[in-house]
2 protein chains.
Amino acid sequence: MKDKPLRIAPTPSVRRMPRYLRCLHALRSDRVEWVSCTFLAQRLNVDPTLVRKDLALTGITGKPKVGYYLPDLITAVEKFIGWDNPEDAFLVGVGHLGTALLGFEGFARHGLNIVAGFDNDPGKIGREVAGKPVLEAAKLPDLAQRMHIRIGIITVGARNAQTVADLMLAGGIRAIWNFAPTPLDLPPGIILENEDLSGTLAVISRRLAASDDGI
Amino acid sequence: MKDKPLRIAPTPSVRRMPRYLRCLHALRSDRVEWVSCTFLAQRLNVDPTLVRKDLALTGITGKPKVGYYLPDLITAVEKFIGWDNPEDAFLVGVGHLGTALLGFEGFARHGLNIVAGFDNDPGKIGREVAGKPVLEAAKLPDLAQRMHIRIGIITVGARNAQTVADLMLAGGIRAIWNFAPTPLDLPPGIILENEDLSGTLAVISRRLAASDDGI
DNA sequence: TAGATTGTTAATCGATTAACAATC
DNA sequence: TAGATTGTTAATCGATTAACAATC
């Protein structure tokens, strides 16, 4: 069976998909069989048309009056975001944050399978964290290449983030999830997502100040 | 001296401010005195006009041909995002992620001062993490009220997030930074920022799949 | 059938980018 | 002065919302 080529999809829509999915899984637990955009929209507090357009991106079609068949819809959304077969990933920086991410059971159900951690601390190298080996950072490029790893997660401090990114590039990694509060210099074509905590802090802080001001 | 009332500012602009600030601090270390939008735009890889509009939001004015006076600019941006005087905050859920956040030295320079952690695990209550006390979760509402805490950080699992949010509301907390992968039901007026890891995972996963498809 | 819901096209909205006069 | 840069107004772009015909 030949798959359709993936069309480009608006990032905001992609970002909403996991929210739909969470809601859909909850409905499945309740033995629901059909679900409408109207219902999902109310539940997630968004516009029904937006839901309809988002779901249309997955290629599914609904039936007027009844909505979408839940099992098919779940399959379609999971396939759309590629969570039907999880990707292996490497994580560098086994501090508290790295340890937390290594231990998140939920990632496996979210398309991500972190297979190893890397660090430079001799006290950590050779140990296991959440059942995953912690290896010497210098070994990453070779291993990544041999294991065809495509996703790298950076949880080191700002100072070392670029060095780690370069190791990942050397290993042929194609997508980087960066938790370090520093911009990375990457060649074109490399997928980059920054987890921008300071940006979020700025938004919260500004909104609080604004609400003090009565707006 | 009377401050101007805060005008509403576009969220994307607010979110960019910390990036400018980081760059500005680096320039200050290099003893630079004047900086232009053109320069910042190149450095951060964004449009110069966008930088100009963002900086204008802070109320600062520049000089044609030379740009902005760096010390004034830094002050203006910090004040704009309220980082000139950090807010105290409570964190609930002292697992790996919570421990990581409690230990981030950088938050203090980013307007956030986490003064205590809360948990339900008797093995954690009464201990200290990163020099901050870990207290019983049930004590949060009373303490938050007495200490006038306005920011709450949720780092518990999805199952307990709503319960924790309710405790925070009872304590008069006005802004919630939610790391749990679940939507929260909050009354209007409460500021909410979700750290949406699964959304980011979806974007990475989808982009990888799309790049496999040659687009 | 009647009416709720889908799918699609048009209108709106907000953010980004382009154009350009004012300025030091 | 000449020219780089600011500040501002207009154009573009993309996402969201509104309107509505088609459908079961």
Side-chain angles (χ1 to χ4, degrees), chain A residues 4 7-17 19-20 23-24 27 32-70 72-74 76-77 80 196 199 202-203 206-207 210 215, chain B residues 4 7-17 19-20 23-24 27 32-70 72-74 76-77 80 196 199 202-203 206-207 210 215:
Chain A
K4 270 188 242 175
R7 276 171 306 173
I8 44 148
T11 303
S13 298
V14 177
R15 210 171 267 283
R16 277 188 295 269
M17 294 296 174
R19 297 181 57 197
Y20 297 131
C23 190
L24 297 176
L27 289 170
V32 173
E33 290 220 332
W34 294 86
V35 62
S36 75
C37 288
T38 325
F39 180 87
L40 283 174
Q42 263 188 323
R43 192 82 162 238
L44 298 178
N45 203 31
V46 294
D47 189 278
T49 308
L50 191 59
V51 178
R52 209 163 292 128
K53 288 205 162 165
D54 284 346
L55 298 188
L57 290 170
T58 70
I60 200 163
T61 61
K63 282 187 192 170
K65 184 137 167 139
V66 287
Y68 302 83
Y69 184 55
L70 188 58
D72 289 354
L73 183 52
I74 289 178
V77 175
F80 178 79
D196 181 19
V203 171
R206 173 81 192 171
R207 294 231 189 100
I215 271 300
Chain B
K4 269 187 246 174
R7 275 173 306 173
I8 43 148
T11 304
S13 299
V14 177
R15 211 171 265 285
R16 278 188 295 270
M17 294 295 173
R19 298 181 56 198
Y20 298 132
C23 190
L24 297 176
L27 290 170
V32 172
E33 290 220 333
W34 295 86
V35 61
S36 74
C37 289
T38 327
F39 180 87
L40 283 173
Q42 262 188 323
R43 192 83 162 240
L44 297 178
N45 203 30
V46 294
D47 190 278
T49 307
L50 191 60
V51 178
R52 207 163 293 128
K53 288 206 163 169
D54 284 346
L55 298 188
L57 289 170
T58 70
I60 201 164
T61 61
K63 283 188 192 170
K65 181 135 170 150
V66 288
Y68 302 82
Y69 184 55
L70 188 57
D72 288 355
L73 183 51
I74 289 178
V77 175
F80 178 79
D196 180 20
V203 171
R206 173 78 193 174
R207 294 232 188 100
I215 270 301

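This structure is a prediction, so every number in the text was calculated from the model and none was measured. By convention in this document, chain letters (A, B, ...) are assigned in the order of the sequence lines, proteins followed by strands, and residues within each chain are numbered from 1.
The side chain to side chain donor-acceptor pair (under 3.5 Å) pairs that include a residue from residues 59-70 of chain A number zero, where partners must be two or more places apart or lie in different chains. Sorted pairs that involve residues 44-66 of chain A and meet ring pair (Phe, Tyr, Trp, His ring centres under 6.0 Å), not counting sequence neighbours, are lacking altogether.
Residues forming a side chain to side chain donor-acceptor pair (under 3.5 Å) with Arg19(B) (at least two apart in sequence, or on another chain): none. Every residue meeting the side chain to side chain donor-acceptor pair (under 3.5 Å) condition with Ser13(A), not counting sequence neighbours, appears here in chain and number order: Arg16(A), Asp54(A). For Arg52(A), there are no salt bridge (Lys or Arg N to Asp or Glu O under 4.0 Å) partners two or more places apart in sequence or in a different chain. The ring pair (Phe, Tyr, Trp, His ring centres under 6.0 Å) search around Tyr20(A) returns none, not counting sequence neighbours.
Along DNA chain C, the nucleotide nearest Pro12(B) and the nucleotide nearest Pro64(B) are compared for position; the residue whose nucleotide lies closer to the 5' end is Pro12(B). A residue-by-residue look at Lys53(A) and Tyr68(B) shows that Tyr68(B) has its nearest nucleotide of DNA chain D further toward the 5' end. Residues Ser13(A) and Lys65(A) each lie close to DNA chain D; by heavy-atom proximity, the contact nearer the 5' end of the strand is made by Ser13(A).
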Would you be so kind as to tabulate the donor-acceptor pairs closer than 3.5 Å made by side chains of residues 38-49 of chain B, with sequence neighbours excluded?
from, atom 1, to, atom 2, distance (Å)
Asp47(B), OD1, Thr49(B), N, 2.8
Asp47(B), OD1, Thr49(B), OG1, 3.3

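Residues of residues 40-52 of chain A that place a heavy atom closer than 4.0 Å to DNA chain C, in numerical order, are Thr49(A), Arg52(A).
A heavy-atom distance below 4.5 Å is not found between the side chains of Arg207(B) and Val14(A).
For DNA chain D, the contact window with chain B, defined by any atom under 4.0 Å from a protein heavy atom, covers dG3(D) to dA10(D) in 5' to 3' order.
For the pair Arg206(A) (side chain) and Phe80(B) (backbone), a donor-acceptor distance under 3.5 Å is present.
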### Task
Give DNA chain C the dot-bracket treatment, 5' to 3': Watson-Crick (N1-N3 with N6-O4 or O6-N4) or G-U (N1-O2, O6-N3) under 3.5 Å, [ ] crossing, | other strand.
..||||||||||||||||||||||
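Here the shortest heavy-atom pairing between Leu70(A) and Val32(A) reads CD2-O, 3.1 Å.
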